[in-house]
Amino acid sequence: MSAAKPTRVRFLMLWLVFIGTVINYVDRANLSVAVPLLKHEFSLGPVEIGVLFSAYSWTYVLANIPGGWIVDRFGSRVMYALALLFWSTFTVLQGFAGRFATIFGLRLGVGVAEAPTFPINNRVVSIWFAQRERGSATSFYLVGQYIGMAALTPGLYWIEHAFGWRAIFWATGLAGVVWAGVWYLLYRDPEACRWVNEAELRHIRTGGALVGDAKDAAASHSFPWRKLAIVFRNRQIIAICVGKFASLSSLYFFLTWFPSYLISERHMTVLKAGSASAVPFVAASIGVLAGGALSDWLLRRGASVGTARKTPIITGLLLVPTMTLALLTNTNWVVIAIMSFAFFAQGVASASWSLIGDIAPKSMIGFTGGAVNFAGNLSGIVTPIAIGFILRETGSFGWALGLISLFAVLGALSYTFLLGEVKRIEIDDDADMPPSGAAARSA
């Protein structure tokens, strides 16, 4: 057995995470496809649309920290299956909504149910992949955020054109219900998986994967309120939270207002907007893969973990403001090219999840991921509503693009000057404060 060739079961688990992430983001963004028709049926103005876009994030943000703790306590298999089942059911029900309040309430439900998903994704990669593979593995599942929308957005617009906006929610919700069953049947943690051999386990253990560590360390703990305070006082966590907010602000623009931008500001038809809006998501997919590959390449070349992780993130954030160049042209294909490059840059900057895997305490991988996701996804509340107010007051997306660009620059500054040295946070499970030493001094 020790001489056997390592199995590659970790890549099967990564594919499961990838497809789950595709469904996750399609169910976040399907409302943006429906809004051009839905707003007329419900008589919604820009601010009301912004509030509706943000509804998901209100509960998603609040549920992230308890969601991450639940993942640490009860593991990935059951929690992801339940999350998929519940958010997909809420998605199907949106297709039956008869008024604004109903669809708003169902979006709140989707937010609660999706809260454990990215802490689970981060946990799966942390326990299945060695550190030098983690950047590429993280970028692979993150690309599901974008490639799913790139591949499926034209189809969603066709469904809307042929069957109405309600059919979008029925189709995407049913896909998630099916995938919940597939996940539960196939996913296992390394120590519980009968398909993985000892050679693969040895490969990921010696490479720094947290096989068994996260579950064993978290199993006996109640909700760690005092450790939550410790985590949020840590300089590394604060810096990543600010950077995450900045990066996700541009992502939420593309997930919410971008189709409306193409239709109302660029005067495209619904079907043309469907095809055009897919192009930036393809570019972002390439950016995610490029950022992860660059990070792992730098590690293999001997760069420090901090340099390898921060370089693509900072570079990407500094390139996001190129979206404001769209204000200088009236040619639609040039606008799409500019937006595609800016979204490519956002994709490059999305590598922060691998950074979280490098610094999170071993007993709190899901919890730390949930805490960072909580702070970062506040942008899902701020950005859509702020853009709604900007549109109401100015009638143009110009200041909205400027706001997103400002957030991106602030995020780059946070990673550059606030983050400091990248090291795992060491927390003494028998004490209320971290142990003395270098990790504690980073707080």
Side-chain angles (χ1 to χ4, degrees), residues 10-11 14-15 17-19 21-22 24-25 29 118 121-122 125-126 129-153 240 243-244 246-255 258 277-323 325 336-358 376 404-405 407-409 411-412 414-416 419 422:
R10 63 192 185 280
F11 296 106
L14 187 60
W15 270 104
V17 170
F18 170 83
I19 297 174
T21 304
V22 169
N24 183 310
Y25 265 78
F118 268 75
N121 293 349
N122 187 47
V125 170
S126 295
F129 285 86
Q131 187 179 58
R132 292 193 177 189
E133 298 175 332
R134 204 171 292 156
S136 295
T138 300
S139 67
F140 181 80
Y141 80 72
L142 284 175
V143 83
Q145 300 175 153
Y146 309 93
I147 201 67
M149 292 302 299
L152 299 177
T153 294
I240 294 173
K244 196 76 172 174
S247 177
L248 290 181
S249 291
S250 51
L251 174 60
Y252 273 110
F253 165 70
F254 282 97
L255 290 176
F258 186 59
S277 62
V279 178
F281 283 96
V282 174
S285 302
I286 297 171
V288 173
L289 294 175
L294 174 60
S295 178
D296 285 351
W297 180 80
L298 288 170
L299 273 179
R300 289 193 297 269
R301 297 282 293 181
S304 68
V305 174
T307 299
R309 300 301 189 216
K310 289 192 287 186
T311 297
I313 298 172
I314 295 169
T315 302
L317 285 170
L318 290 175
L319 291 174
V320 166
T322 56
M323 65 169 53
L325 296 176
I336 295 300
I338 291 170
M339 289 296 184
S340 297
F341 180 78
F343 208 16
F344 165 84
Q346 194 279 334
V348 172
S350 67
S352 61
W353 276 108
S354 58
L355 192 59
I356 296 167
D358 290 325
I404 296 165
S405 299
F407 286 154
V409 172
S414 178
Y415 281 115
T416 302
L419 181 57
V422 175

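Just so it is clear, the model here is predicted, and its values are computed rather than measured.
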Answer whether the closest heavy-atom distance between the side chains of V409 and S405 falls below 4.5 Å. no

Euclidean distance, I313 CD1 relative to I240 CD1, rounded to 0.5 Å: 7.5 Å

Any donor and acceptor pair, going by atom type alone, linking the side chain of T322 with main-chain N or O of L319 inside 3.5 Å? yes

Do the charged groups of D296 and R309 touch, with an N to O distance under 4.0 Å? yes

Tell me if a side-chain donor or acceptor on T307 pairs with a main-chain N or O of A303 at a distance below 3.5 Å. no

Hey, does the side chain of S350 reach the backbone of G347 with a donor-acceptor pair shorter than 3.5 angstrom? yes

Roughly how far, to the nearest 0.5 Å, is the CG atom of N24 from the CG atom of N121? 7.5 Å

F258 versus Y252: any side-chain heavy-atom pair under 4.5 Å? no

Over 60° means perpendicular and under 30° means parallel, so tell me whether F18 and W15 are parallel, tilted or perpendicular. perpendicular

How far apart are the C-alpha atoms of L14 and F129, what are their side-chain angles, what is the distance that settles it, and do they pass the side-chain contact (heavy atoms from CB on, under 4.5 Å) test? CA-CA 9 Å; L14 187 60; F129 285 86; 3.9 Å; yes

Work out which heavy atom in A408 is nearest to a heavy atom in L317; give both atom names and the distance. CB-O, 3.4 Å

Run the ring-centre check on Y146 versus F343 and record whether the distance is less than 6.0 Å. yes

Could you tell me whether the side chain of Q346 and the main chain of V320 form a donor-acceptor pair under 3.5 Å? no

Roughly how far, to the nearest 0.5 Å, is the CG atom of L142 from the CG atom of L251? 10.0 Å

For G243 and S414, work out which heavy atoms get closest and say how close. N-OG, 4.2 Å

All heavy atoms of A308 vs all of L299, minimum pair found to be CB-CG, 3.7 Å

How long is the straight-line distance from CG of L289 back to CG of L294, given to the nearest 0.5 Å? 12.5 Å

Heavy-atom distance under 4.5 Å between the side chains of V22 and L152, does that happen here? yes

Do the ring centers of F281 and Y25 come within less than 6.0 Å of each other? no

Search all heavy atoms of R134 against all heavy atoms of S126 and return the closest pair with its distance. NH2-O, 4.0 Å

When F140, F118, Y141 are each screened for side-chain contact (heavy atoms from CB on, under 4.5 Å) with V17, the one that passes is Y141

Closest contact, heavy atoms only, F254 versus P280: CE2-CB, 4.1 Å

Tightest non-hydrogen contact, residues A293 and S136, listed as CA-OG, 4.2 Å

Enter the distance from M323:CE to I404:CD1 here, rounded to the nearest 0.5 Å. 5.0 Å

Hey, what do you get for OG (S295) to CZ (R300), rounding to the nearest 0.5 Å? 9.5 Å

